[in-house]
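When a residue number appears, it is its place in the shown sequence, counting from 1. For clarity, every value in this text was computed on a predicted model and none was experimentally measured. FYI, side chains are in, hydrogens and waters are out, and symmetry mates aren't considered; it's all heavy atoms of this structure.
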Amino acid sequence: MDPSAVGVRLASGVVAPLVRKLFVKEGPGAGLVAGPVRMSALVSFTGEQRTLSDKNLHKLAAELVDRAVRAAGPGERPVPEDEEGAVADALATTLRGLGALDMDDVQAVHLGSTALAERLEAASRHAVRGLSRDAELLHGTLLGIACLHIVHFFTQRSTFVARTLVQQSRSLDSLITVIDEFIERHPSQRASDTAFERSYLSYIARKHSRLTIYGIDLAHSPDRWPLDAAYMSLEATAPAAREPNAISPWDDETVPQAAAPAPVPADQALAGRDRVLLRGVAGSGKSTLVQWLAVSCTKAPGETALPHLYGRIPFVLPLRTLTRDRAPLPAPDRFLPAVGCPVSGAQPDGWAHRVLTSGRALLLVDGLDEIPEREREQARRWLRDLFDAFPHNLWMVTTRPSAVRDDWLAADGFGELTLSPMRRAEVAAFIGRWHDAARCDAEGPERLDAYEQSLLAAVHTKQDLGRLATNPLMCGLICALHRDRRGYLPSGRKELYDAALGMLLSRRDRERDMAAPTGIELSDEPQIQLLQRLAYWLIRNGRTELDRERAERIIGEALPAVPTAAAQGTAEAVFRHLLLRSGLLREPSPGSVDFVHRTFQDYLGAKAAVEDGDFGLLVEHATDSQWEDVIRMAVAHARPRERAEILRELIAHGIASRTSSPVCASTFSAWPAWSTPPNSIRA
């Protein structure tokens, strides 16, 4: 058995009594105190109130190890029997460090169980010397569980400072209750479930622990980067309070007014919340956050900043994949096969149902905005059926801001959070991390140092550039183009995307010294012509993913209009070239295709719509959230007369239907980010 998995088998009824022995008992008449209490005055194995000898401390640690081994069950021993004593010695030595920590009880609770365990390990690094890897893992897991109960013990003492850190106390209560309920419901979890979970969590850790940083894919750089190194925690805010006297500029409806709610770290969104609807614009980091949460479930409490996810089984459910073939949304036993999980064939019968029934699941439903509007109500019914059947799990649903109305899932107990734009400090941190990651390239570190400093100065002094650098995607593109163009940057969003496409389509292979590795060699323009056909099909059909066979048919239909490509191979060969070499397409699961980011799909699809003159189609979808960026980008692609036509029709459509179109409003409000309005439009 994986030593890091034993914690989920240890109920609080086993651990809590042992932890309490580490601290002095409160005397009669104890009451609320005005201030914190030093840690050294609380432990029971030092000072004047010593009641626990070194020998007893070792016995306590040995009992904790013994309980963990017994909880593992027959045939699942986490360490060999002859190493149990060494683990107990190491655990006793590490716990003895509690009396030497320079902090009080309130500071310990502020610090949290994970950081407390790290402090103890750092203070007694010699304790684990000579232990095998499995023994070290068992020591770390038991220390993390002990620290979880230590922090919880502090918050439950009657002398703990009144009303201090109530939320942390509730979160700890919830975590411990979940573990207890699971053990109560499954006193002897089947060995096959444990074995499969170990395999599944290993797969999740490998699959989601790397991410693409756009632009760092030249020369000697790898295509993906470690999530731990590249991830940046952003902030999210709750909806503003409603003011009944506020009037919408579009009609007489009441609208919310900003009440400046305090932002929270986005990766802590599920700390103290069971259900969250997370909104964020394109490129704001929603899917990266989903990866981070999923990977955090695979780590022991002492190895993650999110210990409340310990023991959770993550299900990453991108709606674009679940609905690709227009099949019914899956029941729990079909979650893994529906997303193409390669280990799903080993899933024991009823395993997913048992996980959800025990309340151990973390369900990450990604991309509500990436399915057609007509299918979102069906998705809500599917979610509600799951909530009703399995109410004690954690849920996060992600979407673009305007895809569903406010409080769309409020009746089902969902709180709402919106990812905030990156602040100046976060932009600076992102630029620093991007250049750190890029330094393994062949380019000299001195040159990259110079690029980093000049870009930091430009972002802080150039207003137009600062308006663009508000989310991770845009920051990544800006960093890549700044380096690629030796410090020159486009001035507007359209120019930025044009330059990014050129970088991804042609510069990528030139820098890698690849001479037609697929046997096909295409310049930027024919690639864009073909890619925009795929993008426009996805947009017209309300999809962000399609099967490979259909993609090849679309390329085949477009080839006669692109003779440069048609002369070099079949539709299948040309599509394969685009998939492998364009840098814009990917295969998220066998047989399926999508764009590396929704922004590129919308940008290329908008270009196709303008070239086809489909202005009426754009206007018809003025209130469809999936077309919001498409319409904005179409205005940017259009020539002056075409822009005037699109905007006049949008205005006429809004007046005729008397709708408060978010697309119309955002198109006008965001104009400066694209270009200067032509005189013909003003006239």
Could you walk me through whether L394 and L363 pass the side chain to side chain contact (heavy atoms under 4.5 Å, CB included) check? CA-CA 6 Å; L394 297 185; L363 295 109; over 6 Å; no
Look at the side chain of [X] and the backbone N and O of [Y], then say whether any donor-acceptor pair between them is shorter than 3.5 Å.
X    : Y    : answer
E235 : V264 : no
R312 : G359 : yes
H435 : I431 : yes
R119 : T114 : no
S53  : N56  : yes
S124 : E121 : no
N393 : A361 : yes
Y200 : P314 : yes

What's the separation between atom [atom1] in [X] and atom [atom2] in [Y], rounded to the nearest 0.5 Å?
X    : Y    : atom1 : atom2 : answer
H139 : L131 : NE2   : CG    : 7.5 Å
L98  : L120 : CG    : CG    : 5.0 Å
R96  : L91  : CZ    : CG    : 10.5 Å
L201 : R206 : CG    : CZ    : 10.5 Å
T298 : R198 : OG1   : CZ    : 14.0 Å
R67  : L142 : CZ    : CG    : 13.0 Å

Do [X] and [Y] have side chains that get closer than 4.5 Å, going by heavy atoms?
X    : Y    : answer
P318 : V339 : yes
T323 : L329 : yes
W351 : I313 : yes
I204 : K207 : no
W395 : L277 : no
L22  : L57  : yes
T398 : M396 : yes
V79  : L137 : no

Lys/Arg N to Asp/Glu carboxylate O, [X] vs [Y], below 4.0 Å:
X    : Y    : answer
R360 : E197 : yes
K59  : E63  : no
K286 : D366 : no

Would you call the rings of F387 and F414 parallel, tilted or perpendicular, taking 30° and 60° as the class edges? tilted
Which class fits the ring pair F315 and F335: parallel under 30°, tilted 30 to 60°, perpendicular over 60°? perpendicular
Closest non-hydrogen atom pair, [X] against [Y]:
X    : Y    : value
P472 : L234 : CG-CD1, 3.8 Å
A338 : P330 : CB-CG, 4.0 Å
A352 : P332 : CB-O, 3.4 Å
Y310 : K299 : CD1-O, 3.7 Å
A269 : L417 : CB-CD1, 3.7 Å
R275 : P391 : NH2-O, 3.6 Å

With no hydrogens and no angle check, just 3.5 Å: does a side-chain donor-acceptor pair link [X] and [Y]?
X    : Y    : result
D89  : H58  : yes
T321 : E545 : yes
E587 : S592 : no

Can you pull the side chain to side chain donor-acceptor pair (under 3.5 Å) pairs that have at least one residue in residues 382-391, sequence neighbours excluded? R384-D412
Does the pair T93 and H126 meet the rule for a side chain to side chain contact (heavy atoms under 4.5 Å, CB included), with working shown? CA-CA 9 Å; T93 300; H126 63 281; 3.8 Å; yes
Report the C-alpha separation of L319 and E370 in whole Å, then their side-chain angles, then the decisive distance to 0.1 Å, and conclude whether the side chain to side chain contact (heavy atoms under 4.5 Å, CB included) test is met. CA-CA 7 Å; L319 281 170; E370 295 181 343; over 6 Å; no
Let's go through E84 and V69 carefully: what are the C-alpha distance in whole Å and the side-chain angles of both, what is the deciding distance for side chain to side chain contact (heavy atoms under 4.5 Å, CB included) to 0.1 Å, and is it a yes or a no? CA-CA 9 Å; E84 291 175 19; V69 171; 3.8 Å; yes
Please evaluate residues S132 and E83 with respect to the criterion side-chain hydrogen bond (donor to acceptor under 3.5 Å, both in side chains), reporting the C-alpha separation (whole Å), side-chain torsions for both, the decisive distance (0.1 Å), and the verdict. CA-CA 8 Å; S132 67; E83 277 201 279; 2.8 Å; yes
